[in-house]
Amino acid sequence: MTPASQVAIITGASSGIGWSLAHALARGSWKVGLVARRQDLLQKLSEEIRTAGGTAEFASADVADREQLLAAIAELRTRLGPIDLMVANAGVGAPTLVEPMNTPDIEKMFRINLFGVVYSIESVLPEMLERGRGHIAAVSSIAAYKGLPGESAYCASKAAVNTYLEGLRVQLRGRGIAVTTICPGFIKTPMTDVNNFKMPFLMSSDEAARRIVRALKRRRKVYNFPWQMSLLMAVTRWLPDWILDRTMRKYNEAPPKVTLT
């Protein structure tokens with residue numbers, strides 16, 4: 001990628017990985033378009049980027065609302081120009097409860113984590129196909145590789161993202177469009193701040209953004225990181241159920257209080 005004068009869109013830019021990734025791309029001379037629901041935070045982020053000499057525009061939208069998101073991306077395209085890179089980063093997490101089931105939270109997670117990715121791609125793919133070039137990336141999770149007790153809905157939503165992008169990558173082969181699936185482990189963000197357990201190999205959002213930018217430059221197909229967490233999850237896939245149950249029993253007895261709105 002040659003970032004000078006190229007345009008990158010980041011969803012979920014108002015905090016966490018999205019916030020850090022916007023700064024990292026802007027420092028690399030990308031013009032960045034910022035999307036999230038919280039307009040005040042988007043304005044603050046764009047001002048920080050401009051003060052540092054970068055180019056940033058923002059448009060507020062809920063990625064779970066297809067028409068709202070498509071309109072926001074169209075607005076950013078008008079301000080910044082054709083979009084070269086889409087990073088569908090917006091995501092949420094909540095425990096999966098069984099007594100009682102928290103079905104509304106599960107529905108919300110899938111609308112944001114999966115359909116938010118689909119709508120983000122829809123907003124840029126037609127012009128990328130027309131131009132014969134572009135790069136689509138989505139932030140999934142290491143959790144996509146195993147259904148964890150108490151997190152089965154979150155894991156399922158991210159597994160769906162991985163599978164969707166895998167098929168899309170093959171389908172777009174030879175069309176000049178790269179597709180990258182990004183699967184981080186535990187990153188220190190407002191989403192993980194509610195966790196009441198020790199998170200192994202916890203990484204700052206700035207370091208995560210630095211690694212993601214490097215993976216995008218290399219046009220990686222799938223990027224799992226950190227490697228220690230990737231290895232741990234690979235081992236977890238082969239553990240007997242009783243070990244996972246015992247490991248996560250304390251978590252499921254007192255899951256973090258999360259309300260998705």
Side-chain angles (χ1 to χ4, degrees), residues 1 3 6-64 68-69 72-73 75-76 79-80 83-94 109 112-113 116-117 119-120 123-124 135-142 158 161 180-195 199 201-217 223 225-226 258 260-261:
M1 298 182 294
Q6 289 197 327
V7 176
I9 302 294
I10 305 114
T11 69
S14 60
S15 65
I17 293 175
W19 183 286
S20 296
L21 189 57
H23 272 293
L25 287 171
R27 284 195 299 269
S29 300
W30 286 83
K31 295 189 292 185
V32 294
L34 315 171
V35 180
R37 291 185 301 171
R38 294 174 290 184
Q39 186 168 340
D40 56 334
L41 293 178
L42 291 178
Q43 183 171 354
K44 179 182 177 182
L45 174 58
S46 64
E47 288 172 355
E48 287 185 5
I49 291 172
R50 291 167 186 163
T51 299
T55 301
E57 297 287 347
F58 67 90
S60 60
D62 182 348
V63 299
Q68 198 176 112
L69 181 60
I73 302 300
E75 181 180 340
L76 291 174
R79 296 183 194 172
L80 294 171
I83 297 163
D84 302 284
L85 170 65
M86 163 59 75
V87 183
N89 164 74
V92 295
M109 268 194 289
I112 295 173
N113 293 355
V117 170
Y119 301 153
S120 297
S123 71
V124 299
H135 195 164
I136 292 167
V139 177
S140 180
S141 172
I142 287 286
K158 294 300 189 177
V161 170
T180 299
T181 307
I182 301 162
C183 296
F186 289 111
I187 309 300
K188 184 168 177 52
T189 67
M191 192 172 84
T192 59
D193 284 345
V194 302
N195 291 339
M199 292 172 279
F201 313 111
L202 182 66
M203 181 182 296
S204 72
S205 61
D206 287 345
E207 175 61 18
R210 186 186 68 81
R211 296 189 184 201
I212 290 170
V213 169
R214 185 175 61 189
L216 292 173
K217 287 180 179 178
Y223 179 49
F225 73 101
V258 178
L260 300 182
T261 57

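Since the structure is predicted, the reported quantities are computational estimates derived from the model, not experimental observations. Counting from 1, the numbers follow the sequence of the chain as shown.
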Minimal heavy-atom distance between A137 and I182, with the atoms involved, is CB-CD1, 4.1 Å

Donor-acceptor contact present, side-chain R211 to main-chain Y223, <3.5 Å: no

Would you call the rings of H23 and W19 parallel, tilted or perpendicular if under 30° counts as parallel and over 60° as perpendicular? tilted

Is there a donor-acceptor contact under 3.5 Å linking the side chains of S20 and R210? no

Just so I know, are the side chains of L45 and S14 near enough to count as touching, which here means a heavy-atom distance under 4.5 Å? no

Taking every heavy atom of M203 against every heavy atom of P226, the minimum-distance pair comes out as CE-CB, 3.9 Å

Less than 4.0 angstrom from a charged side-chain N to a carboxylate O is my criterion; do E57 and R50 meet it? yes

Taking atom OG of S120 and atom CD1 of I73, what is their separation to the nearest 0.5 Å? 6.0 Å

Check: C183 and S141 side chains under 4.5 Å, non-hydrogen atoms: no

Run the side chain to side chain contact (heavy atoms under 4.5 Å, CB included) test on V87 and T11 for me, step by step, so that the C-alpha distance in whole Å, both residues' side-chain angles and the decisive distance to 0.1 Å come before the verdict. CA-CA 7 Å; V87 183; T11 69; over 6 Å; no

Distance-only, no hydrogens or angles: does the D62 side chain make a donor-acceptor pair with backbone N or O of R37 under 3.5 Å? no

Donor-acceptor pair, side chain of K31 and main chain of L80, under 3.5 angstrom: yes

Quick check against the 3.5 Å criterion: does N113 have a side-chain atom that pairs as donor or acceptor with the backbone of V92? yes

Give me the atom names and distance for the closest heavy-atom approach of A64 to Y119. O-CE1, 3.6 Å

Is a side-chain donor or acceptor of N89 paired with a backbone partner of V139 at a separation under 3.5 angstrom? no

Do you know the tightest heavy-atom contact between S140 and V161? CB-CG1, 4.2 Å

Is the side chain of T180 donor-acceptor paired with the backbone N or O of L216 at a distance under 3.5 Å, no angle test? no

Does W30 reach the side chain of L85, with side-chain heavy atoms less than 4.5 Å apart? yes

As an exercise, state the distance from CZ of F201 to CD1 of I142, rounded to the nearest 0.5 Å. 11.5 Å

Determine, stepwise, if the pair V35 / I10 fulfils side chain to side chain contact (heavy atoms under 4.5 Å, CB included). CA-CA 6 Å; V35 180; I10 305 114; over 6 Å; no

To the nearest 0.5 Å, what is the distance between CZ on R214 and CZ on F225? 9.5 Å

CD1/I9 to CG/L34 distance, rounded to the nearest 0.5 angstrom? 8.0 Å

Take Q6 and I83 through the side chain to side chain contact (heavy atoms under 4.5 Å, CB included) test and state the conclusion after the steps. CA-CA 7 Å; Q6 289 197 327; I83 297 163; over 6 Å; no

Work out which heavy atom in V32 is nearest to a heavy atom in A26; give both atom names and the distance. CG1-N, 4.1 Å

Determine, step by step, whether I49 and T55 satisfy the side chain to side chain contact (heavy atoms under 4.5 Å, CB included) criterion, reporting the C-alpha distance in whole Å, the side-chain angles of both residues, the deciding distance to 0.1 Å, and the verdict. CA-CA 7 Å; I49 291 172; T55 301; over 6 Å; no

Nearest 0.5 angstrom please: E207 CD to I212 CD1, how far? 10.0 Å

Name the residue from Q43, R38, Q39 that meets the side-chain contact (heavy atoms from CB on, under 4.5 Å) definition with S60. Q39

Under a 3.5 Å distance rule, please check whether T192 uses its side chain to pair with a backbone N or O of I187 as donor and acceptor. yes

If you look at every heavy atom in S123 and M86, which pair is closest and at what distance? OG-CE, 3.7 Å

Measuring from D84:CG to I136:CD1, what's the distance to the nearest 0.5 Å? 12.0 Å

